[in-house]
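Below: the structure, in structure tokens.
We use all heavy atoms of the structure for the numbers below, so side chains are in, but hydrogens, waters and symmetry mates are not. In this chain, numbering begins with 1 at the start of the sequence shown.
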Amino acid sequence: MAAQVVTMDKVRNIGISAHIDSGKTTLSERILFYTNKIHKIEEVKGKSGVGATMDFMDLEREKGITIQSAATYCEWKDYNINLIDTPGHVDFTIEVERSLRVLDGAVLVLCSVAGVQSQSITVDRQMKRYKVPRICFINKMDRAGANPFRGVKMLREKLGHNAHLITYPIGAEDQFKGMVDLVTMKAYYYDGDNGENIRIEEVPADILAECKKYRDDLVAAVGEYDDEVGAQYIEGKPVNVEDLRRAIRKGTLSLTFTPVMTGSAYKNKGVQLLLDAVTYYLPSPLERENIALDQNNAEAKVILQSDPKLPFVALAFKLDDGRYGQLTYMRIYQGTIKKGDVIYNSVNDRKVKVPRLVQMHADEMNELEEAHAGSIVAFFGVDCASGDTFSDGKVKYTMTSMFIPNAVISLAIAPKDKAGQANFSKALNKFTKEDPTLRVHRDEESAQTIISGMGELHLEVYCERIKREFACEVVVGKPQVAFRETITKRGDYNYTHKKQTGGSGQFGRVAGYIEPLPADFVGNFEFVDDITGGVIPREFIPACEKGFQEAVKTGRLIGFPIVGVRVVLEDGAYHDVDSSEQAFKTAALMGFREAYERAGAAVLEPIMKLEVQVPEEFQGSVMGQINQRRGMIGSSQTNEGFAVIESEVPLTEMFGYSTDLRSATQGKGEFTMEFLKYSVVPRNVQEEMIKKYQEKRAKENK
């Protein structure tokens, strides 16, 4: 079945992103209901046990959280909307990252009580990275303590947004009745069991003055983006609806203005107005600039046009290896694709025939005969990696891939019995293809399989999926934190590698120094070649660099990679017969080790940004817990009987924290945690770690 064909300006590709528990999936469910995609609303943690449409994984329904981004499409007032519901949990941040990479606009959902939370800040940073215009929807207006004005203030102060209300709430908490559209100055009420009957009336007299004031503020703010509206505001003339919508749209698309709406998805209020706003203020594919690099022309930048007649270009942004084979989600940026067409992977030049083309509605598939630029579709039987670019062979373009954060936590994992080995390998292959933040490697020393990811929950979910989807029980080792080593001062080296055996020997001398990289340097290692006068022949310089790179792979303190080092090679010597690449590689490796001992080597540990929300009476005991875990408390605020404590805590100290928090707060505390930075561990902790590492090495060498 093909979706209704509309012109490109009537297409919207949007994502719904927010902090965990802000109501994204509930909002998606209402959008699907009002656009007639589903005929019955299911709740995220509903009594029916069915679960929300977009949370279709069993694990998602059990835990009541979104784990994978889910795509769907719907129609609203002759617009086609492609919608992606993304997870709020920081452990699944790659799902948000890859969705925002291919979307044209987004809805940032905030909770009316909590306002901007730690994950809202992360999501906002991701939206800025991909230059995605957004509307903010302040949800949960029916909750005790709802305060949208505080939400707007936090958007301005914490996220630096030029945020203004475009709808004004009528009442709040249990008195929340509806909202005033400040653009049309009409009051909207939502009647019927599911809020499907919209009643439009005049603005209630008791809030009319407030609404006029907020509309004036809005006109003043968007007048900067539209000369006509700006002039009307200065002259004190009334601004009509069309002009105001045009100005809001210009401001939103310029990424310097954020329209803010209020509502309650759970109570079915305000969702239809949000859908209208998506069509009014968010961009169509024609209004976003997408750049590709032409591989046939020295990677020259090419601006892709959302034109179905131009050569086909698409980006594979998500893979899902299901029971029918690999499903590859693609965003089509240019051209048209038909079932049976041959496409080329620009990364490895492999050609693939497209056997099936489908449009996804959560986990249901609707067959398509063809798809055009601006669409988000899925292909069956197209084998590739996440982030590959495809074309029809007429051009060879590649698009920049998404940003992939580094893993912060590792686990040793193995199948419970030998029989499960094949399924275990299959599962890990599937998951690493699907999720670029999940890394798998084999530790040669301990002969263990190590999986690394974004947090405890991230790895726990994959262990559970191996068990469920591949019928393979796994044994899990203790979590291992991804430590790093670094240097704190300059260290000199002057090393001669000399070996004389029968025949030609080995000779190479290297001299120079290592020093810490400046804080603003991008990358973890820099090699500087300062050799003059040919004391080391040019052909041996790459071998020296290889030796240094080999040396930083494993530190001498606790065996973790060394980061933040600049190696400067200044002097050396060679022998006409005995010098070789291998000799200089070994000299560089040993020279680095010599300098490392003099350069104030230190262990770095990942520091997490922790945000805890607890009832006020537990504030003292929770702060005490954080201090016990070597945490540094940054700020603590109270609002409506709840305390929000922000702190920085070493990841090593955070295992088992959820259990401790639950018991200290009678199960009422919530927390979120995300990676912030690497920091030097205290001297006493470092000494303990070095001692343990040396004992482990001594045991292995026996």
Flag yes if more than 12 heavy atoms outside K153 fall under 6.0 Å of its NZ atom; otherwise flag no.
-> no
Can Q295 and S346 be said to form a side chain to side chain donor-acceptor pair (under 3.5 Å), step by step?
-> CA-CA 8 Å; Q295 297 304 314; S346 300; over 6 Å; no
Might you confirm whether atom NZ of K128 has over 12 heavy atoms from other residues, nucleotides or ligands at distances under 6.0 Å?
-> yes
Sidechain-backbone polar pair: E173 side chain, G145 backbone, donor-acceptor under 3.5 Å | yes
Looking at P148 and I138, what are the two nearest heavy atoms and their distance?
-> O-CD1, 3.5 Å
Which pairs, with at least one residue in residues 270-282 and sequence neighbours excluded, count as a side-chain hydrogen bond (donor to acceptor under 3.5 Å, both in side chains)?
-> W76-D276, K77-D276, R245-Y280
Expected output: side-chain D392 to main-chain F312 donor-acceptor under 3.5 Å = yes
Got P133 and R288 here, is their nearest side-chain heavy-atom distance under 4.5 Å?
-> yes
Examine distances only and state if a side-chain atom of S391 and a backbone atom of V395 form a donor-acceptor pair shorter than 3.5 Å.
-> yes
Got a sec: does the NZ of K212 have more than 12 other heavy atoms crowding it under 6.0 Å?
-> no
Return each pair, listed once, that meets ring pair (Phe, Tyr, Trp, His ring centres under 6.0 Å) where at least one residue sits in residues 197-225; pairs must be two or more places apart or across chains.
-> F149-Y214, Y168-Y214
Give a yes or no on whether a salt bridge exists between E75 and K37, defined as a side-chain N under 4.0 angstrom from a carboxylate O.
-> no
Taking everything shown except D206 itself, do over 12 heavy atoms lie less than 6.0 Å from its CG?
-> yes
Working for salt bridge (Lys or Arg N to Asp or Glu O under 4.0 Å), residues D142 and K269 | CA-CA 10 Å; D142 56 301; K269 289 180 171 62; over 6 Å; no
Atom of L315, atom of G387 and distance for their closest heavy-atom approach | CD1-O, 3.5 Å
List the atom of R12, the atom of L282, and the distance in Å for their closest heavy-atom pair.
-> NE-O, 2.9 Å
For Q334 and Q305, indicate whether the former's side chain and the latter's backbone hold a donor-acceptor pair under 3.5 Å.
-> yes
Check whether more than 12 heavy atoms from other residues, nucleotides or ligands sit under 6.0 Å from atom NZ of K250, and answer yes or no.
-> yes
Cationic tip of K318 within the cone over Y329's six-membered ring, i.e. under 6.0 Å and within 45° of the normal?
-> yes
Is the charged tip of R30 near the ring of Y34: under 6.0 Å from the six-membered ring centre and within 45° of its axis?
-> no
Is E289 salt-bridged to K131, cutoff N-O under 4.0 Å?
-> no
Report yes if some heavy atom in the side chain of N162 is under 4.5 Å from a heavy atom in the side chain of T256; otherwise report no.
-> no
Pairing residues for N240 by the side chain to side chain contact (heavy atoms under 4.5 Å, CB included) criterion, not counting sequence neighbours = E242, D243
Is any side-chain heavy atom of E287 closer than 4.5 Å to a side-chain heavy atom of R249?
-> yes
Beyond-backbone contact of L218 with L165, side-chain heavy atoms, under 4.5 angstrom = no
Set of residues satisfying side chain to side chain contact (heavy atoms under 4.5 Å, CB included) with respect to L274, sequence neighbours excluded = L27, V107, I135, F137, M261
Could you name each residue pair satisfying side-chain hydrogen bond (donor to acceptor under 3.5 Å, both in side chains) that touches residues 196-205, not counting sequence neighbours?
-> K186-E202, D191-R199, R199-E201
Any ring pair (Phe, Tyr, Trp, His ring centres under 6.0 Å) pairs touching residues 230-256, not counting sequence neighbours?
-> none
